[in-house]
**Q** 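Provided herewith is a single structure, encoded as structure tokens, for subsequent inquiry.
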Amino acid sequence: MTRYVTTIDLRRCVGCQTCTAACKGANATPPGIQWRRVLDIETGEFPDVRRTFLPMACMHCANPPCEEVCPTKATTKRADGLVAIDYDLCIGCANCVMACPYDARSIVHASHFSYGDQPLPSEAKGFDPARVAVSMKCTFCVDRIDEAAITGRIPGVHPEVTPACVNSCISGAMEFGDIEDPRKQRQPASGAHPSITACTKNSAPNPASTTYGTSHEETGQENLRPRVAATAAQLGLARGGQLHCRRRRWRPAVVQCAGRRRAGADPWRDPARPDTDRWRPDLRLVRDRPAVARPECLSAFRHILDDARSVRGAGTFSRGAPWRC
Amino acid sequence: MQYHAGGNVGIELMAEVSRNIRGHDGVIMNAKTAARYGIAEGDRIEVRSHIGATYGAAVLVQGVRPDTLVILGQFDHWAQPFAKDLDRPSLNTIAPMSLELTDATGSGSDIVKVQVRKMEGHMEGAQA
């Protein structure tokens with residue numbers, strides 16, 4: 001089985017919007033349409049303020065609400081985890097735009113370009129008339145994924161078959177790959193990390209394909225970075241339900257870091273990348289929340305932020321100030 | 001962010017993407033201070049120093065000192081197509097050029113004492 005996922009390490013994201021620009025370039029989206037973007041969110045009250053950057057795109061949900069409401073079956077969940085739109089079947093009714101809790105979809109009814117009616121050469125090259133007046137969103141750069149099936153290259157390993165946003169990430173916050181690909185688990189010294197197998201076994205059969213976290217153990221993508229998984233073990237974090245990306249309708253698991261240094265051992269230092277020391281977190285776990293009822297657009301992020309506050313301890317993080325983005 | 005500077009401002013894609021950064025197209029102001037001045041989110045405000053004035057939409061945040069305004073844009077654009085219509089505030093209009101405050105990289109300490117007042121009108125498209 002193949003299941004493609006993106007993991008996003010919120011500690012590493014610096015909000016530079018390079019992924020936003022890379023996506024726009026790679027997919028030639030019209031002005032104002034961003035399949036991938038980074039939200040800039042402030043919580044707290046002066047002087048106790050925290051700024052969070054939250055990369056956003058189609059979450060390729062486990063149970064996509066967009067698929068549910070599509071009257072023509074244009075939106076489908078593929079076997080490899082991707083949520084795809086068949087532009088020929090889509091009638092542009094916008095049901096899915098309203099249903100998406102992540103505000104990930106958009107419809108453009110007439111083609112327009114950066115500087116008026118005439119496209120730039122780059123825009124002309126990427127222009128797809130099939131995308132006018134139909135619903136569109138992040139595809140996980142599906143053409144590259146499909147190419148991988150032909151060429152045998154591995155998405156997440158070979159950049160030519162990896163989504164543009166992941167390739168462009170300047171801080172390595174985003175990773176992409178087939179979470180069930182055994183080839184990746186063999187790459188690092190996986191024998192030293194028994195947690196890897198345990199995590200894989202405990203993972204829900206079909207979680208949402210985009211997860212946030214501060215380690216790849218929490219996001220369930222432990223096979224890409226066993227170093228981090230081992231670190232979580234060193235920190236004495238309990239393994240089990242809360243550490244995993246559990247099956248949740250539409251809501252990814254979030255573990256927010258408090259950003260403080262830990263005394264003693266230095267498990268976050270990577271000899272290969274000395275600069276990673278700066279991003280070392282103080283891990284706290286989020287409460288396990290029940291699945292939410294179908295939310296309004298963006299309210300999913302309210303839960304993420306609520307979690308971010310709750311892990312900081314009552315009153316110390318937000319003082320009850322409303323979230324904003 | 002580097003999108004405010006040089007040739008980048010004329011690139012539509014860069015201008016669009018930079019708006020994802022809070023306050024990139026306005027004057028960043030502490031929310032409590034703004035309330036004292038009767039300034040609401042998106043209000044057009046004038047920021048005046050001893051050498052000039054610049055105008056932009058107020059972007060109210062918590063994460064800035066109550067006695068400080070922040071303007072990210074540094075360059076005025078009088079002629080370039082597209083960029084001249086962005087209508088973003090520019091620090092260079094109000095901060096004096098000072099060799100004493102310029103370091104070896106060519107970067108200046110762009111700090112100036114200003115007064116701020118609310119103008120008529122509300123700017124559309126201000127960053128929330």
Side-chain angles (χ1 to χ4, degrees), chain A residues 13-57 103 112-116 118-120 122-123 126 165 168 170 298 317-325, chain B residues 1-26 28-37 39-42 57-70 72-73 77 79-86 124-128:
Chain A
C13 178
V14 295
C16 68
Q17 306 285 347
T18 305
C19 53
T20 314
C23 173
K24 283 191 71 69
N27 293 299
T29 52
I33 304 299
Q34 297 173 2
W35 289 357
R36 159 73 70 194
R37 63 187 180 279
V38 183
L39 303 184
D40 181 351
I41 299 164
E42 184 180 68
T43 45
E45 232 174 89
F46 183 86
D48 181 15
V49 185
R50 184 157 289 263
R51 195 173 183 185
T52 308
F53 295 113
L54 191 64
M56 246 296 302
D103 214 5
H112 61 291
F113 304 97
S114 292
Y115 303 102
Q118 293 306 310
L120 298 170
S122 61
E123 288 176 316
C165 53
S168 75
I170 62 162
L298 278 183
F317 182 49
S318 71
R319 291 180 184 155
W323 67 284
R324 49 173 295 160
C325 68
Chain B
M1 295 297 291
Q2 62 277 46
Y3 298 147
H4 61 268
N8 281 351
V9 292
I11 303 172
E12 189 276 337
L13 184 148
M14 297 294 256
E16 177 195 325
V17 166
S18 73
R19 282 189 205 105
N20 289 5
I21 306 294
R22 190 194 58 227
H24 212 283
D25 49 0
I28 300 173
M29 191 174 189
N30 183 284
K32 268 192 187 149
T33 307
R36 220 170 54 235
Y37 282 78
I39 294 170
E41 177 84 37
V59 178
L60 309 190
V61 306
Q62 291 290 336
V64 65
R65 280 174 56 119
D67 58 358
T68 304
L69 303 177
V70 179
L72 295 171
H77 299 278
Q80 291 112 313
F82 185 77
K84 70 180 168 55
D85 299 324
L86 286 177
E124 286 301 318
Q127 188 92 358

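Residue numbers begin at 1 in each chain, while the letters A, B, ... track the order of the sequences. None of these values were measured; they are calculated from a predicted model.
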**Q** On a heavy-atom basis, which atom in A/Asp40 and which in B/Asn20 lie closest, and how many Å separate them?
**A**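 Minimum heavy-atom separation between A/Asp40 and B/Asn20: CB-O, 3.6 Å.
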**Q** Looking at every non-hydrogen atom in both residues, tell me the closest pair between A/Tyr115 and B/Ile11 and how far apart they are.
**A**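 Distance-wise, the nearest heavy atoms are OH-CA, 3.2 Å.
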**Q** Can you name the nearest heavy-atom pair linking B/Leu13 to A/Ala21, along with the distance?
**A**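 Here B/Leu13 and A/Ala21 meet closest at CD2-CB, 3.8 Å.
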**Q** Looking at every non-hydrogen atom in both residues, tell me the closest pair between A/Ile33 and B/Glu16 and how far apart they are.
**A**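 Where A/Ile33 meets B/Glu16 most closely, the heavy atoms are N-OE2, 3.8 Å.
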**Q** Looking at B/Glu12 and A/Ser114, what are the two nearest heavy atoms and their distance?
**A**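 Minimum heavy-atom contact is OE1-OG, 3.1 Å.
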